[in-house]
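One-based numbering along the sequence shown. Note that the structure is predicted; figures quoted are calculated from it, not measured. Keep in mind that the numbers below use all heavy atoms, side chains included, and drop hydrogens, waters and symmetry copies.
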Amino acid sequence: MEQLMQTIRRINAAVSGVVWGPPMLLLLMGTGVYLTVRTGFLPLTRFPLILRETAGSLLRREKRGPAGPSRNLTPFEAVSTALASTVGTGSVAGVTGAILIGGPGAVFWMWVSALVGMATKYAEIVLAVRYRRTAPDGTHYGGPMYYIEAGLHMKWLAAAFALFGCAASFGIGNIAQATEISNCLAGLLGMAGLSVSRLAIGIAVAAVVAVVILGGAKRIGQVTSLLVPFMALFYLLAGLAVVLLRIDQVPQALALIVRSAFTPQAAAGGAAGYAVGTAIRQGVARGVFSNEAGLGSAPMAHAAAETKSPVQQGFWGIFEVFVDTMVICTITALTVILSGIWQGASIGQGGTYPSAGTAAAAAFNAVLPGQLGGIALQISLLFFALSTLLGWSYYGERSIGYLTGRSPLALLLYRAAYVLVCVLGSVGAGELMWEISDTLNAMMALPNLIALLLLSGQVARATRDYFRPGTP
């Protein structure tokens, strides 16, 4: 078994070296820069308006449309479903792993990827709403596979995206998250002096996921709209407590992040140093893993929203990237750097920490009194991973639906397989699944990025029309 795992690791490393090589990084960042320019630097010049139209609309408690139940998601339910997968373990374990592997400079490149990624996610959502379809029962559905097929007339490329999306739902969306849930619950129960088998945890997780996803997209949206605000606020309070306790060191930490982004740095304790190239790769890869800009996943949720305009729904995509990377990931990064646990540390079998999640817990424990930090972090990771499981089940359903012509039997089989894989992930997949997830991310993003570049004119035109004088 160990030999098989090593073989899989070597194959994945070879593929990852190609798909996450300089051309892919250039395509990701270049697409973001290009879309930022084509939309008139919308995420930067119109950011106050975007906040008013997204977070501000929640405070105003605007009407949700015609009375009566709807099979479609409200804009907030759509963004909650997207954030459920976006604000996940990648925002904690992913960021921590990036720093331990690529050094503090990885955080800077994560910020850069987010700044240009705002326009990328905005464009994805505009196109998804523009090309979405409506079922006989009134349900909206869509995503990159539909705007690739209808906008580019490349059904084979659309099918490739859906195939990679389905595979990614079992990797990034399921096994990696179930492993994290199992680790968190085992750790929390261990603190209480209890011991529960990983198999029992897996069965419990599978049962919870089954209850939610069998209720369809609407139930997923309703559950995530309750779960996401709570989990984000809980984690932010814990992270801010760490930052405030070492507020005097924040300027030095920020300076270290910027300095390390451009200069190689030696690690403490005689360990290997951090190369600039590794920092860039880790920052961009983990940034995409966390905020999913360019990946093509979130547009599948936004396509199901009841919205007045593709552009207005696109504003939520900009808001998503901001909340995930510029707020939550930054809190994680500052916690890890301020704690000092990153210096000379490594993760994986035989490393300083068995996983990035345990390293993040150590960072919180190093600053907060007693075991309070670790407990808060484990609870946060638990909810993050659960929300990601739910969000990605929706993306997998949309992908398999496209490949099978929305066959009810195929959908049922997918849901059954997704629930069963939760058990597999809970009994152990390790860091290997994070590595495989990075590879699947790149393969999923490639068809989507090609479509965004070729359809960018439509995004630019929709943006100009929306802001034309006289437009309400």
Keeping [X] on the side-chain end and [Y] on the backbone end, is there a donor-acceptor pair under 3.5 Å?
X: Thr179; Y: Gly425; value: yes
X: Ser260; Y: Ile257; value: no
X: Thr463; Y: Val459; value: yes

**Message:** Among Tyr418, Trp392, Tyr395, Tyr414, exactly one meets side chain to side chain donor-acceptor pair (under 3.5 Å) together with Ser169. Which residue is that?
**Reply:**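 The residue from Tyr418, Trp392, Tyr395, Tyr414 that satisfies side chain to side chain donor-acceptor pair (under 3.5 Å) with Ser169 turns out to be Tyr414.
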**Prompt:** What is the minimum heavy-atom distance between Ala361 and Leu377, and which atoms define it?
**Reply:** N-CD1, 3.8 Å
Distance-only criterion, 3.5 Å: show the donor-acceptor pairs between side-chain atoms of residues 97-112 and protein atoms not counting sequence neighbours.
unit_1, atom_1, unit_2, atom_2, d
Trp109, NE1, Ala261, O, 3.1
Trp111, NE1, Thr330, OG1, 2.9

**Request:** Decide yes or no on salt bridge (Lys or Arg N to Asp or Glu O under 4.0 Å) for Glu53 and Arg46, but give the supporting numbers first.
**Result:** CA-CA 11 Å; Glu53 292 296 314; Arg46 303 278 186 171; over 6 Å; no
**Prompt:** Under 6.0 Å between ring centres, would you say that holds for Phe234 and Phe383?
**Reply:** no
Any side-chain heavy atom of [X] within less than 4.5 Å of one from [Y]?
X: Asp324; Y: Cys329; value: yes
X: Phe467; Y: Leu42; value: yes
X: Phe315; Y: Phe47; value: no
X: Ser297; Y: Met444; value: yes
X: Val92; Y: Ile328; value: no
X: Ser113; Y: Met29; value: yes

**Request:** Check whether NZ of the Lys or CZ of the Arg Arg132 lies under 6.0 Å from the centre of the six-membered ring of Tyr146 and within 45 degrees of that ring's axis.
**Result:**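 Because its charged atom misses either the 6.0 Å distance or the 45° angle limit, Arg132 does not stack over Tyr146.
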**Asked** So is Arg406 actually on top of Tyr141's ring, under 6.0 Å and inside 45° of the axis?
**Response**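 Pair Arg406/Tyr141 counts as cation-pi.
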**Request:** Verify whether one side chain among Glu124 and Tyr147 offers a donor that lies under 3.5 Å from an acceptor in the other.
**Result:** no
**Prompt:** Have Arg398 and Tyr402 got a donor and an acceptor in their side chains that come within less than 3.5 Å?
**Reply:**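 Absent: no donor and acceptor within the cut-off.
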**Request:** Verify the neighbour count for atom OH of Tyr131: are there more than 12 heavy atoms of other residues, nucleotides or ligands below 6.0 Å?
**Result:** yes
**Prompt:** Under the side-chain contact (heavy atoms from CB on, under 4.5 Å) criterion, do Leu338 and Val250 qualify, and how do the steps go?
**Reply:** CA-CA 7 Å; Leu338 292 173; Val250 170; 4.1 Å; yes
**Request:** Begin with the C-alpha distance, continue with both residues' side-chain angles, and end with the deciding distance and a verdict on salt bridge (Lys or Arg N to Asp or Glu O under 4.0 Å) for Glu292 and Lys121.
**Result:** CA-CA 8 Å; Glu292 298 181 9; Lys121 184 168 275 194; 5.3 Å; no
**Message:** Going by the rule salt bridge (charged side-chain N to carboxylate O under 4.0 Å, His left out), which residues pair with Arg461 if we only count those two or more places apart in sequence or in a different chain?
**Reply:**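 Partners of Arg461 by the salt bridge (charged side-chain N to carboxylate O under 4.0 Å, His left out) criterion come out as none, since no residue qualifies.
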